[in-house]
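Take a look at the structure set out below.
Order of the sequence lines sets the chain letters (A, B, ...), proteins ahead of strands, with each chain counted from 1.
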Amino acid sequence: MQIITCQARTWLRLWRRCRSISTISNHLQASSNGFEFEHKDKKVDIENLFRLCHSSHVVKRVHALLVVSGTTHSIYVSTRLINLYARHGDLAFARKTFGHIRSKDAYTWNSMIAAYVRTGCCSEASSCFNELISSGEVPPDNYTFPPILKVCESLIDGKKIHCRVLKDGFIWDVFVSASLIHMYSRFGFVADAQNLFDNMPFRDSASWNAMISGFCLNDNVEKALDFVNEMRLKSIRLDPVTVASILPVCAFLGDFLSGIMIHVYVIKHGLEHEVFVCNALINMYAKFGYLQHAQEVFDKMLVKDRVSWNSIISAYEQNENGKSAIRYFRGMQCHGQQPDILTLVSLAACVAQLGDCQNGRLLHGFIIRRAYLMGNIIMGNAVVDMYAKLGILDYARRVFHEMPRKDIISWNTLISGYSQNGLASEATEAFSEMESCVEVTPNQGTWVSVLPAYSHLGALQQGMKIHGRVIKISLHLDTYVGTCLIDMYGKCGRLDTALSLFYEIPRTSSVPWNAIISSHGIHGHSETCLKLFEEMLQDGVNPDHITFLSLLSACSHTGLVDKGQWCFHIMQDKFGIKPSLRHYGCMVDLLGRAGLLEKAYNFINDMTVQPDSSVWGALLAACRTHGNVELAKHASDQLISIDSENVGYYVLMSNIYANVGKWEGVNEMRSSALGRGLKKTPGWSSVEVGNKNDVFYTGNKSHPEHEQIYHKLHALTDKVKRLGYVPDYSFVLQDVEEDEKEHILSSHSERLAIAFALISTPSKSVIRIFKNLRVCGDCHNWTKFVSKISEREIIVRDSNRFHHFKDGSCSCGDYW
DNA sequence: TTAGGGTTAG
């Protein structure tokens, strides 16, 4: 054997040196002994040659060698060549070889059909099968049906094949039956699949596996798990395929115990070195968050394939350890394993997670250089998502528009990208654009992406329209859609609707609880927040870090210092949640707002982590409210050293100086902001009139009805002054004359929006305003008076909270 | 010589 193999190698070496078929032909003739397979044990020798075929290139060499030796006249040899070409993905040569065979046997036809299936050419496989049937040259056999069943495109085609199977009497074959079971499951006819399964006289493990996969394909994962348990009860051995199919089910059902039991089974039955099994174990442990276990399985693997590397990379990515994921990606490359689309998809998520713009661009470049990758929708969507999460929306938009094909997830990714970056108008525009595309139908993800945009804009009418649409398709009771609706109603000032919706949807996860608590929080109903929190605990729902953020923020806005501190402590002591910088920020806000500035400052100094801009920002805002210029200076110095590009800190500090008349300080702040090329964020307010949102900028006179608006504004100010309103000029930043100061205050954008709403909406109707910055104290006071004289309920949502004005007072009780 | 059921994703 060994000698013959060496001869085959020698021939191949010889062939490598030869430039043409004629040269090798001369060598063949020159050889005194002739070519081994011409004389002796022909079959063994050819098989040895075939065994050397590790690529399509070598197959071609061997093929040429066989042509010159005249061996390809044998159907056996030609059919083997078809198989070899197909195994190496060279369909063109498989087809060419098939075409040269004059009289084909069942092996030849079966091999060609399998070659088409293997290379994903489904319609060609069907045509080939039809040709075989119509030619009548040879009848199909039990080997013909499994591959063709795998690729049939409709249930009708599948049933036709089923009839043929029955007619030809191949239903006894377990391979054929498993393929039929799978075919029926694929088209959603799981009852027909089970009928076939039940009537099988003999079943092997693949028959059970086909049924298990059938249940999974038809969203009946519980039944799949039942089947596995039945197999174990009947002592039917679970094979690697069973294990690889059922482990994702355990992860999906959150059934960790079953997952562990399967792992024990794997070890006991010597399956722990099966690549498919290990890959599925890595994925299962990753989904349960047991990275250490996933890592151990990966480390013990004797052979790792691309899926193994992808799985460990994705395990770290899913558990938010992007750095380790990238380390494994490098390891994968060192081991000579080429990345595929799934590797790159995970990497894009890692890069986004790490906020690593530089590597994001590098990754995008890598994908662009392999142009075929961008043709893949999943790849394109992952890149759009990456740029959106990195906050580079221009790139996200560009990649989206350059994608040759887009699906609903592409649109959802773009819409949520805009929403999450605060670009609500862009999100709703993208949604409208999507609506005009006939080829996509909105799904759950679409509503979850667009509703936050309407919430952000305070566009109640638009949000209600979406509510109507989701009711029609029975999605309003979906936890995620329902939560977005609660958030939307909460943010648009309809707390009652939010609450009734909350009690309609499933409340087993923290998600809807967080939404309803936060809705009450922004309206200043902190006592209700705490009651809802108690109810949440009674219902056995575990709070998460978001729940505590909402609670702390609610306590902070209403001055419930003790309750806030209690929340901060139980979060750590009772629920083991480590405070994030956002929690620390809320605590500083809570103490600072209550005037406990020193306590807030000491709290920052006692922090176990480095305070960031949100923490110092909260202290600075509190200093503004309580007029502590000295501490404010310290906080603003810290802020500017952390984030010198944020104009808000300069504005706030200059505001503090202005408040105490330190105009030098104001100028210093202004010039240092200008020196860095920073411009004050222009304030704007929007109001929904009819189905349209009108936007007003401070001092803006470009609105078509600006004359009437200013006229109304002056009339209102005159009236409220008579009622006792006195402008508070401390909210004016500039060092100007008194009447000029009044002019500056009176042109704040929310006042323009309120004046416009008063002249454009029916009397008694509620006015809802959205402001991008915080409402100033003077506008707050002015609006209170306006709500009294106009007999209107005015709801102003600013960047921080809700102000609900009614009959001359505000829901926030003037707690600033 | 040819075949079925399987793991990772936006």
Quiz prompt | Nucleotide of B:dA3, B:dG10, B:dG5 approaching A:Phe175 most closely (side-chain heavy atoms) | solution = B:dA3

Quiz item: Atom CE of A:Met231 and atom P of B:dG5: how far apart are they, to the nearest Å?
Solution: 15 Å

Quiz prompt | Touch class at under 4.0 angstrom, heavy-atom based, for A:Glu274 against every strand present | solution = nothing

Exercise. Classify the nucleic acid contact of A:Asp204 as base, sugar-phosphate or nothing, counting any heavy atom under 4.0 Å across all strands shown.
Key: base

Quiz item: Is there a side-chain polar atom (N or O) of A:Thr79 under 4.0 Å from OP1 or OP2 of B:dT2?
Solution: no

Quiz item: What nucleotide among B:dT7, B:dG5, B:dT1 has an atom nearest to a side-chain atom of A:Pro248?
Solution: B:dT7

Practice problem: Looking at every strand, decide which applies to A:Ile113 at a 4.0 Å heavy-atom threshold: base, sugar-phosphate, or nothing. | Solution: nothing

Exercise. Using a cut-off of strictly less than 4.0 Å, decide whether A:Lys150 has a side-chain nitrogen or oxygen near OP1 or OP2 of B:dG4.
Key: yes

Quiz item: Regarding A:Tyr328 and A:Gln295, is there a side-chain donor-to-acceptor distance under 3.5 Å anywhere?
Solution: yes

Self-check item: Length of the CD-P vector between A:Gln353 and B:dA9, whole Å
Solution: 14 Å

Self-check item: Interatomic distance where CZ belongs to A:Phe252 and P belongs to B:dT7 [whole Å]
Solution: 14 Å

Exercise. Would you indicate which nucleotide in B:dA9, B:dA3, B:dT7 comes nearest to any side-chain atom of A:Arg118?
Key: B:dA3

Quiz prompt | Donor on one side chain, acceptor on other, A:Asn209 and A:Asp204, under 3.5 Å | solution = no

Quiz item: What is the nucleic acid contact for A:Asp340, judged by heavy atoms within less than 4.0 Å: base, sugar-phosphate only, or nothing?
Solution: nothing

Exercise. May I have the distance from A:Ile312 (atom CD1) to B:dT8 (atom C1'), rounded to whole angstrom?
Key: 12 Å

Quiz item: Among A:Tyr316, A:Trp309, A:Tyr285, which residue meets the ring pair (Phe, Tyr, Trp, His ring centres under 6.0 Å) test with A:Phe298?
Solution: A:Trp309

Quiz prompt | Side-chain donor-acceptor contact under 3.5 Å, A:Asn283 with A:Asn279 | solution = no

Quiz prompt | Contact list for DNA chain B against residues 384-392 of chain A - heavy-atom distance below 4.0 Å | solution = A:Asp385

Quiz item: Heavy-atom contacts under 4.0 Å between residues 408-421 of chain A and DNA chain B, which residues?
Solution: A:Ile409

Quiz item: With respect to the phosphate group of B:dA9, does any side-chain polar atom (N or O) of A:Gln318 fall under 4.0 Å of OP1 or OP2?
Solution: yes

Quiz item: In whole Å, what is the span from the CG atom of A:Leu149 to the C1' atom of B:dG5?
Solution: 13 Å

Quiz item: Are A:Lys287 and B:dT7 close enough that a side-chain N or O sits under 4.0 Å from OP1 or OP2?
Solution: no

Quiz item: Does the ring centre of A:His364 sit less than 6.0 Å away from the ring centre of A:Tyr387?
Solution: yes

Self-check item: Atom pair distance, as rounded to whole Å: CG in A:Leu347 and P in B:dG10
Solution: 13 Å

Quiz item: If you measure only the distance, is there a donor-acceptor pair under 3.5 Å linking the side chains of A:Ser205 and A:Asp239?
Solution: yes

Quiz prompt | Separation of atom CD1 in A:Ile282 from atom P in B:dG6, rounded to whole Å | solution = 20 Å

Quiz item: Counting side-chain heavy atoms from CB outward, which of B:dG6, B:dG5, B:dT7 is closest to A:Pro240?
Solution: B:dG6

Exercise. Look at the side chain of A:Ala114 and decide which nucleotide, out of B:dT1, B:dT7, B:dT2, has an atom nearest to it.
Key: B:dT2

Exercise. Confirm from the modelled atom types if A:Asp173 and B:dG4 form a donor-acceptor pair under 3.5 Å, side chain to base only.
Key: no

Quiz item: Is the A:Phe227-A:Phe197 ring centre distance short of 6.0 angstrom?
Solution: yes

Quiz item: Whole Å only: how far is the CZ atom of A:Phe98 from the P atom of B:dT2?
Solution: 16 Å

Self-check item: Nearest listed nucleotide, side chain of A:Leu342, among B:dG10, B:dT7, B:dA9
Solution: B:dA9

Exercise. Would you mind classifying the nucleic acid contact of A:Ser205 as base, sugar-phosphate or nothing, using non-hydrogen atoms under 4.0 angstrom?
Key: base

Quiz item: Between B:dT1, B:dG10, B:dT8, which one does the side chain of A:Asp105 approach most closely?
Solution: B:dT1

Practice problem: Would you mind classifying the nucleic acid contact of A:Val174 as base, sugar-phosphate or nothing, using non-hydrogen atoms under 4.0 angstrom? | Solution: base

Quiz item: Of the nucleotides B:dG10, B:dG4, B:dT7, which one has an atom closest to the side chain of A:Ala244?
Solution: B:dT7

Exercise. For this output row, return yes or no: ring centroids of A:Trp411 and A:Phe431 closer than 6.0 angstrom.
Key: no

Self-check item: A:Tyr143, nearest nucleotide to its side chain (from B:dA9, B:dA3, B:dG5)
Solution: B:dA3

Quiz item: Just wondering, do A:Phe256 and A:Cys250 contact through their side chains at under 4.5 Å, heavy atoms?
Solution: no

Exercise. Select one nucleotide: of B:dG5, B:dG10, B:dT8, the one nearest the side-chain heavy atoms of A:Val307.
Key: B:dT8

Quiz item: Would you say A:Tyr290 has more than 12 foreign heavy atoms packed within less than 6.0 Å of its OH?
Solution: no

Practice problem: Considering just the side-chain nitrogens and oxygens of A:His182, establish if one lies under 4.0 Å of OP1 or OP2 belonging to B:dG4. | Solution: no

Exercise. Compute the ring centroids of A:Trp109 and A:Phe98, then answer whether they are less than 6.0 Å apart.
Key: yes

Quiz item: So, A:Tyr85 versus A:His63, ring centres under 6.0 angstrom or not?
Solution: yes

